[in-house]
Amino acid sequence: MFAAERRQLILEMVRANGAVSLRELARVVQTSEVTVRRDVRALEAEGLLDRRHGGAVLPGGFTRESGFPQKSHLATAEKTAIADLAASFVEEGEAIVVGAGTTTQELARRLARVPGLTVVTNSLLVAQALAHANRVEVVMTGGTLRGSNYALVGSGAEQSLQGLRVSRAFLSGSGLTAERGLSTSNMLSASVDRALVQAAAEVVVLADHTKLGTDTMFQTVPTDVITRLVTDEPPGHDDRAATELQALADQGVQIAVAGGSGSQGGEQPPTREQRRRDVPLPAPRRGQVPGGAPGLRAAGVLGGESPERERAARVADLRRR
């Protein structure tokens with residue numbers, strides 16, 4: 001395929017989906033990520049799209065929301081690994097809330113094996129994944145069906161969550177930054193996600209590396225409310241994702257990297273005792289007196305090293321968490 005043909009196809013994919021990872025673009029145009037990155041850089045120079053760490057988005061700073069058919073085919077391997085790891089944090093007999101999204105749908109498929117679980121959700125897809133689980137109770141919110149992501153939204157959904165209290169919430173979104181936290185492109189979805197957060201003692205965000213550093217219109221969960229982020233390991237060339245993970249950890253978010261320490265990766269899920277050992281307590285939140293558990297290694301400590309060694313050190317730190 002000639003460069004002009006590749007770039008036209010790349011542009012069409014970004015326009016159709018709003019945001020596409022380099023990995024997915026390379027797969028579709030059947031070339032390397034290095035070549036795709038060069039094409040994306042050229043298209044950005046023409047003002048036709050914006051580069052993001054590990055991918056490309058529509059120009060204008062804020063990404064728009066893709067439809068479910070498009071999102072379900074993006075970063076599928078990463079979402080599977082994230083769901084495997086996130087499920088290992090759920091214990092028998094817990095009551096949790098699970099928000100809408102393709103990654104949370106993958107999580108729900110794994111939660112079907114957790115006995116005595118109660119799952120509150122506004123997602124028809126999450127409920128469907130758990131419909132035939134014999135020992136899992138599913139509680140659905142009320143609300144109005146939003147067809148683009150098969151989720152119940154609106155005042156009915158929010159009111160049905162009033163007075164609810166569960167151990168933790170599992171949420172996804174369109175973007176995640178250390179500055180604003182989790183965000184989404186739809187106002188109604190954001191409002192329901194905030195209600196889900198209010199019902200939970202802990203908040204666990206599921207986001208693959210393509211969402212790190214991406215900002216969208218409506219904030220759902222501020223960074224200082226996020227207890228843990230479950231993500232995949234960024235590619236070695238993705239400095240922006242590694243920097244964003246470092247910034248999130250510095251603000252007290254526990255980072256769990258699928259494929260690193262504590263991930264399943266073909267092994268047995270970690271026990272409760274292993275999770276307590278492998279995942280340290282969060283570092284002090286903003287405004288707290290220092291002296292709590294340390295976060296990831298500060299960037300200043302790595303000064304003087306090459307970018308490659310710095311990236312390797314950051315990933316090693318994330319894996320140890």
Side-chain angles (χ1 to χ4, degrees), residues 65-72 76 79-80 82-174 182-207 216 218-221 225-228 230:
E65 185 177 32
S66 306
F68 176 79
Q70 290 82 22
K71 289 191 289 187
S72 63
T76 53
K79 291 173 183 177
T80 298
I82 290 168
D84 285 340
L85 179 53
S88 71
F89 294 111
V90 180
E91 299 181 357
E92 180 177 342
E94 268 196 275
I96 63 175
V97 295
V98 178
T102 52
T103 311
T104 52
Q105 181 188 21
E106 287 296 325
L107 170 64
R109 292 183 176 128
R110 288 144 182 83
L111 295 181
R113 301 188 291 268
V114 181
L117 193 63
T118 300
V119 177
V120 181
T121 185
N122 69 318
S123 169
L124 297 186
L125 298 176
V126 168
Q128 182 184 42
L130 295 168
H132 300 293
N134 293 329
R135 294 177 291 177
V136 177
E137 181 179 1
V138 179
V139 179
M140 294 209 66
T141 68
T144 302
L145 178 63
R146 184 167 178 259
S148 61
N149 64 345
Y150 302 94
L152 297 173
V153 297
S155 59
E158 295 171 41
Q159 290 173 8
S160 65
L161 292 166
Q162 292 181 0
L164 178 70
R165 193 62 173 170
V166 298
S167 60
R168 66 193 77 185
F170 291 86
L171 298 177
S172 186
S174 302
L182 190 67
S183 61
T184 187
S185 304
N186 181 266
M187 181 172 63
L188 294 176
S189 295
S191 186
V192 174
D193 282 352
R194 286 192 288 267
L196 292 172
V197 168
Q198 290 296 320
E202 296 181 2
V203 178
V204 181
V205 170
L206 313 182
T216 51
F218 300 99
Q219 183 192 56
T220 56
V221 190
V225 177
I226 299 172
T227 307
R228 177 181 287 121
V230 184

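All of these numbers come straight from a predicted model, not from anything done at the bench. Start at 1 with the first residue, then count along the sequence.
The shortest side-chain heavy-atom distance between K79 and T102 falls under the 4.5 Å cut-off. In this structure the side chain of V138 never reaches within 4.5 angstrom of the side chain of V126, judged on heavy atoms.
Note that OG1 of T220 and CG of L196 are 10.0 Å apart. Values are rounded to the nearest 0.5 Å. Atom CG of L130 sits about 13.5 Å away from atom CZ of R135, to the nearest 0.5 Å. Within the model, atoms OG1 of T103 and CG of L107 stand 9.5 Å from one another, a figure rounded to the nearest 0.5 Å. To the nearest 0.5 Å, atoms CZ (F170) and OG1 (T121) are separated by 12.5 Å. Here CZ of R194 is found 13.0 Å from CG of L161. Values are rounded to the nearest 0.5 Å.
Because its NZ or CZ atom is both nearer than 6.0 Å to the ring centre of F89 and within 45° of the ring axis, R228 counts as a cation-pi partner of that residue.
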Exercise for review: Please report the C-alpha distance between L124 and M140 in whole Å, then the side-chain angles of each, then the deciding distance to 0.1 Å, and finally whether the side-chain contact (heavy atoms from CB on, under 4.5 Å) criterion is met.
Suggested key: CA-CA 8 Å; L124 297 186; M140 294 209 66; 3.5 Å; yes

Review point. Do V97 and L164 pass the side-chain contact (heavy atoms from CB on, under 4.5 Å) test, and can you show the C-alpha distance, the side-chain angles, and the key distance before you say yes or no?
Key: CA-CA 10 Å; V97 295; L164 178 70; 3.9 Å; yes

Exercise for review: Start with the C-alpha distance between T118 and V139, add both sets of side-chain angles, then the distance that settles side-chain contact (heavy atoms from CB on, under 4.5 Å), and finish with yes or no.
Suggested key: CA-CA 7 Å; T118 300; V139 179; 4.3 Å; yes

**Study point:** Stepwise side chain to side chain donor-acceptor pair (under 3.5 Å) check, S189 with R146
**Key:** CA-CA 9 Å; S189 295; R146 184 167 178 259; 3.2 Å; yes

Check your understanding: Yes or no on side-chain contact (heavy atoms from CB on, under 4.5 Å) for L111 and I96, after CA distance, side-chain angles and deciding distance?
Key -> CA-CA 11 Å; L111 295 181; I96 63 175; 3.7 Å; yes

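Closest approach of A100 to S123, counting heavy atoms only: CA-CB, 3.8 Å. Across A112 and A129, no two heavy atoms sit closer than the pair CB-O, 4.4 Å. Between L152 and G142 the shortest heavy-atom distance is CB-O, 3.4 Å. Heavy-atom minimum distance, T80 versus E106: OG1-OE1, 4.1 Å. Between S183 and T216, the shortest heavy-atom distance links the atoms OG-OG1, 2.6 Å. V204 and R168 make their closest contact through CG2-CD, 4.5 Å (heavy atoms, listed as atom of the first residue, atom of the second, distance).
Looking at S172, its side chain does come within 3.5 Å of a backbone N or O of L206 through a donor-acceptor pair. Counting only distance, with no hydrogens or angles, the side chain of T184 and the backbone of A190 share no donor-acceptor pair below 3.5 Å. In this structure, the side chain of N122 does not engage the main chain of A151 through any donor-acceptor pair within 3.5 Å. Using modelled atom types, no side-chain atom of R109 and backbone atom of Q105 make a donor-acceptor pair closer than 3.5 Å. T104 places no side-chain N or O within 3.5 Å of a backbone atom of L171 that could act as its donor or acceptor partner.
With V90 as the fixed residue, the side-chain contact (heavy atoms from CB on, under 4.5 Å) test singles out one of L117, V119, V98: L117.
Under the 3.5 Å distance criterion, with hydrogens and angles disregarded, a donor-acceptor pair is assigned to the side chains of E158 and S191.
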